[in-house]
Amino acid sequence: MITAADAPYMARALTLARLGLFTTHPNPRVGCVIVREGAIVGEGFHERAGLAHAERVAIAQAQDACRGATAYVTLEPCCHTGRTPPCTEALLEAGVARVVAAMEDPDPRVQGRGIALLQANHIVVDVGLMRGEAERLNRGFISRVTRDRPFVVAKVAVSLDGRTALANGESQWITGPDARADVQRLRAQSSAILTGMGTIRGDDPRLSVHGGASRNPLRVVIASEPSLSAKARVIAEPGGVLLLTIAEGPGAAALRAAGVEVVAVGGRGHAVDLPAALSFLATRGVNDLLVEAGPRLVASLMNDHLIDELRVYMAPSLLGSGRGLADLRLASLNEQHRWRYDDVRRIGRDLRLILAPES
């Protein structure tokens, strides 16, 4: 039975899990705290794929103090062998008496089996403490294993009159340095960044993480045909580049020679099949996908209901005529896309609006 005394330890486990925010892809972010007689005797978090899971790190720290202790873990312990052995096995061997898990693991290889195994071996298991926080921390992982696609965040910078660029395409910089730094953090915690050929041709972006990050996300370009220039700056940055196209064409060989992975995912008419593209990214272990694209691609994703979160950085400026946020081309107000505000705050001189689709 969960009581108020359990809350501080799960809160600590969630704090530990967030230490893996930028590094665990494609694995979930997990923290663990082991408590015996009211004192923390071991704690740990999962740092990156291939390294020990949070439970094993905490057990190694606690050692014999695990006997009769309670383990607080932000995700149901795994019961399958991947790159590392099952965490249920480690908990059983350590002799813990109780496990408190924030949420069940939605991975089909687990889905309650870890809990059932622990209970079958006479370990008390309580589930659901701070479930909401745990689910938000791993929303990308949950999306990938339950919907076969990443959690998609679309980021746009706009003026007060909703313009993302001048009529001539100039867009750097609409927002200030604090907002741009916030975007860098968002990039760093994403598995991949997606853009379209319009943005590549107009802005020639790098789509990399500045400021000494340990990794660059996978950069993904959507193009109806493999026409990406081998001289594009997105290719020159460290890390992988993936071009998703309708069908392979004569340009694919040159791009592969430049280090670009080219994959044909099919099309709908003259455009790339976006649901198929996201499904392919899920097979590549992409949990959190950040979209930094022009109004046509953003509109296409919206029309296919593929955007889970919209992040709008709004500058206190007016640009007049220019490019809008999404080229939706609606025939009536009945067709408008409705969103709800999840968070509104000031970032330096700008506003950051976080919105979710209205159910």
Side-chain angles (χ1 to χ4, degrees), residues 143 147 149-175 179-180 182-183 186-187 190 192-205 207 219-224 234 244 267-278 281 288-344 347 350-359:
S143 178
R147 301 190 296 175
R149 72 166 181 84
F151 188 93
V152 179
V153 176
K155 184 265 335 178
V156 290
V158 302
S159 60
L160 282 175
D161 47 355
R163 301 304 182 188
T164 62
L166 296 175
N168 64 8
E170 183 181 352
S171 62
Q172 296 182 342
W173 298 102
I174 293 175
T175 54
R180 297 199 296 273
D182 196 64
V183 171
L186 181 59
R187 284 184 178 182
S190 300
I193 303 175
L194 181 143
T195 195
M197 282 303 299
T199 299
I200 294 292
R201 294 191 187 101
D203 298 339
D204 194 18
L207 298 182
R219 277 104 64 206
V220 183
V221 180
I222 294 283
S224 57
V234 72
L244 299 180
R268 293 182 298 179
H270 298 292
V272 171
D273 186 327
L274 293 177
L278 295 192
L281 291 178
D288 301 280
L289 179 65
L290 175 61
V291 175
E292 297 193 33
R296 290 182 61 185
L297 181 52
V298 170
S300 295
L301 289 164
M302 284 184 178
N303 287 331
D304 282 338
H305 305 288
L306 296 175
I307 295 179
D308 300 301
E309 179 178 287
L310 184 61
R311 289 205 177 199
V312 180
Y313 293 85
M314 180 175 288
S317 62
L318 298 170
L319 298 186
S321 62
R323 192 168 63 194
L325 186 156
D327 190 9
L328 291 170
R329 305 192 182 189
L330 307 180
S332 73
L333 285 178
N334 292 330
E335 299 174 4
Q336 63 185 292
H337 292 236
R338 294 187 179 275
W339 300 76
R340 71 169 189 272
Y341 293 108
D342 276 357
D343 185 75
V344 178
I347 306 290
D350 307 306
L351 286 180
R352 187 188 69 186
L353 316 177
I354 299 181
L355 305 102
E358 194 174 87
S359 301

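Heavy atoms only: backbone and side chains are in, while hydrogens, waters and symmetry mates are out. Throughout, numbering of the chain's residues begins at 1 and tracks the sequence.
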Are the side chains of Leu274 and Ile222 in contact, using a 4.5 Å heavy-atom criterion? yes
So salt bridge (charged side-chain N to carboxylate O under 4.0 Å, His left out) across residues 302-323, not counting sequence neighbours, yields Arg136-Glu309, Arg139-Glu309, Arg147-Asp308, Arg149-Asp308, Arg268-Asp304, Glu309-Arg311
Quick one, Met314 and Asp350 - any side-chain contact, counting heavy atoms below 4.5 Å? no
Rounded distance [0.5 Å steps], CG in Leu306 versus CZ in Phe151: 12.5 Å
Rounded distance [0.5 Å steps], CG in Asp288 versus CG in Leu281: 12.0 Å
Please report the closest heavy-atom contact between Ala293 and Gly196, naming both atoms and the distance. CB-N, 4.3 Å
Hey, are the side chains of Leu194 and Leu297 touching, using non-hydrogen atoms and a 4.5 Å cut-off? yes
Please check this pair: side chain of Ser143 against backbone of Pro150, looking for a donor-acceptor N/O pair closer than 3.5 Å. yes
Rounded to the nearest 0.5 Å, what separation is found between the CG atom of Leu353 and the OH atom of Tyr341? 6.0 Å
Could you check whether any side-chain N or O of Thr195 sits under 3.5 Å from a backbone N or O of Val221, counting only pairs where one atom can act as donor and the other as acceptor? no
Could you report the tightest heavy-atom contact between Leu244 and Ala277, atom names first, then the distance? CD1-CB, 3.8 Å
What are the two closest non-hydrogen atoms of Ile193 and Leu207, and how far apart are they? CD1-O, 3.5 Å
Arg180 (side chain) donor-acceptor with Thr175 (main chain) under 3.5 angstrom: yes
Do Pro205 and Thr199 come within less than 4.5 Å of each other through their side chains, counting heavy atoms only? yes
For Asp343, all residues meeting side chain to side chain donor-acceptor pair (under 3.5 Å), sequence neighbours excluded: Arg345, Arg352
How far does CG of Leu186 sit from NZ of Lys155, to the nearest 0.5 angstrom? 8.5 Å
Kindly indicate whether the side chain of Met302, heavy atoms from C-beta on, has any atom under 4.5 Å from the side chain of Leu310. yes
Quick one: closest heavy-atom pair of Ala192 and Val220, and the distance? CB-CG2, 4.1 Å
Charged N-O contact under 4.0 Å between Glu358 and Arg340: no
If I take atom CH2 from residue Trp339 and atom CD1 from residue Ile307, how far apart are they, to the nearest 0.5 angstrom? 5.0 Å
Just do the side-chain contact (heavy atoms from CB on, under 4.5 Å) check on Tyr313 and Val158 with the steps written out, would you? CA-CA 6 Å; Tyr313 293 85; Val158 302; over 6 Å; no
Spell out, as yes or no, whether a donor-acceptor pair under 3.5 Å connects the side chain of Asp161 to the backbone of Gly320. yes
Indicate yes or no for a side-chain donor-acceptor contact from Arg219 to the backbone of Val234 under 3.5 Å, with no hydrogens or angles considered. yes
With a cut-off of 6.0 Å (strictly less than), are more than 12 heavy atoms of other residues, nucleotides or ligands near CZ of Arg296? no
Would you give the length of the straight line joining atom CG of Asn303 to atom CG of Leu330, rounded to the nearest 0.5 angstrom? 7.5 Å
Under 3.5 Å, is there a donor-acceptor pair between the side chain of Ser317 and the main chain of Ser159? no
